[in-house]
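So that the names make sense, note that chain A is the first sequence line, chain B the second, and so on, each numbered from 1.
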Amino acid sequence: MISQDFIGKKYSPISFKVTKNKLVSFASATGQNSPIYFDIKAAKDHGYKTMIAPPTFLTVISMEQDQPYKYLEELNIPLDRLFHAAQEYNYYMPIYLGDTITMTKKIEDIYDKKNGTLRFISFLSNYINHDDIEVAQSLSTLVVRSNA
Amino acid sequence: MLKQHSFKAGDEIPSLRLEKITRSMLSTYANASGDLNPIHIDPVFARKAGLKDVIAHGMLVMAYLARALTNVFPHSSLVSFSSQFISMTLIGDRLTCFGTIVKKNIDDKNSVTLEISMKVLNQDKEKRILGTAIINIKGES
């Protein structure tokens with residue numbers, strides 16, 4: 001089971017360039033059909049300075065690494081026991097095409113439920129753009145099941 | 001009059017019915033999101049993990065639920081959005097997204113804040129996600 005000594009652990013920041021290709025493929029894969037997520041002119045017509053990212057796009061940033069699940073090794077979590085329990089976003093500013101977003105993540109909490117058969121681990125992440133303005137914050141809670 | 005002003009506590013936002021979940025949708029989402037966890041794309045891995053088949057990414061279903069909001073409210077009005085992943089979304093699930101206004105507040109600048117209780121159910125009314133969203137639209141002075 002994951003040791004509570006890991007609470008507070010900080011990970012190296014990850015930087016992510018928001019490209020048109022990434023925005024369009026994500027919007028398309030999530031069934032979005034609003035043109036503000038696909039077309040620069042449409043976004044401008046709706047009052048945005050350019051195309052924007054859909055609400056859950058931030059998840060792409062945490063996967064933007066060579067081995068996005070490598071952190072599980074140190075925590076001794078097998079991938080086939082890991083499930084996503086909850087996700088929370090607070091939004092401060094839109095994420096625009098052309099932004100460079102830097103994400104910093106830390107382990108916020110580790111706790112048990114159901115007599116220890118479920119171990120929860122939550123990660124708090126902050127996202128700032130290239131102008132050093134905070135655009136969002138997320139809390140991601142994962143659960144490790146002790147048996148299948 | 002803007003839509004958000006006509007909503008009151010107890011009202012439901014238009015529900016969003018989704019296409020049946022297929023393995024192809026999951027692999028498309030896996031590539032677009034970068035989440036290549038085999039539990040979503042490799043049926044052999046999923047079976048070894050004790051499941052009947054691959055399951056959908058919780059984040060994909062959360063993205064569908066977000067659409068129910070952005071179909072109704074301007075994107076910039078979304079202040080916060082959260083989801084609890086209650087049960088696994090399976091291949092073949094036919095999901096519907098729902099939202100109910102639970103609170104409405106108008107401040108002295110005519111800014112409207114809505115708290116919306118949300119859920120994603122499958123065709124058998126099984127709860128896949130329970131969620132909450134806060135919407136805020138600045139008033140005209």
Those residues of residues 15-33 of chain A that come under 4.5 Å of chain B on a heavy-atom basis, listed by number, are S25(A), F26(A), A29(A), T30(A), G31(A), Q32(A), N33(A)

Do [X] and [Y] share a hydrophobic cluster, counting only Ile, Leu, Val, Met, Phe, Trp and Tyr and linking them when any side-chain heavy atoms are less than 4.5 Å apart?
| X | Y | result |
| --- | --- | --- |
| M51(A) | Y96(A) | yes |
| F85(B) | I121(A) | no |
| I134(B) | I13(B) | no |
| L95(B) | M118(B) | yes |
| L36(B) | M63(A) | no |

Looking at [X] and [Y], what are the two nearest heavy atoms and their distance?
| X | Y | answer |
| --- | --- | --- |
| M88(B) | F83(A) | CE-CE2, 3.8 Å |
| D80(A) | A49(B) | CB-CB, 3.8 Å |
| T56(A) | M59(B) | CB-CE, 4.0 Å |

Side chain, backbone, both or neither: which part of [X] has a non-hydrogen atom closer than 4.5 Å to chain B?
| X | answer |
| --- | --- |
| A43(A) | neither |
| Y37(A) | side chain |
| I36(A) | side chain |
| P54(A) | backbone |

Under 4.5 Å to a heavy atom of chain A? For L78(B) that would be both

Cut-off 4.5 Å, heavy atoms of chain A, and the answer for I55(B) is side chain

Output the distance between atom [atom1] ([X]) and atom [atom2] ([Y]), rounded to the nearest 0.5 Å.
| X | Y | atom1 | atom2 | value |
| --- | --- | --- | --- | --- |
| S76(B) | I52(A) | OG | CD1 | 7.0 Å |
| Y89(A) | S80(B) | OH | OG | 13.0 Å |
| L79(A) | I39(B) | CG | CD1 | 7.0 Å |
| H84(A) | N37(B) | NE2 | CG | 11.5 Å |

Residue pairs passing the side chain to side chain donor-acceptor pair (under 3.5 Å) test with at least one member in residues 44-62 of chain B, sequence neighbours excluded, are R23(B)-D53(B)

Can you tell if the side chain of P55(A) reaches within under 4.5 Å of the side chain of L69(B), non-hydrogen atoms only? no

Y48(A) versus H75(B), side-chain donor and acceptor atoms under 3.5 Å | no

Most heavy-atom pairs under 4.5 Å with chain A, out of M62(B), Q84(B), E19(B), M25(B), belong to M62(B)

| said: With a sphere of 6.0 Å drawn around CG of N115(A), does it hold more than 12 non-hydrogen atoms of other residues, nucleotides or ligands? | reply: no

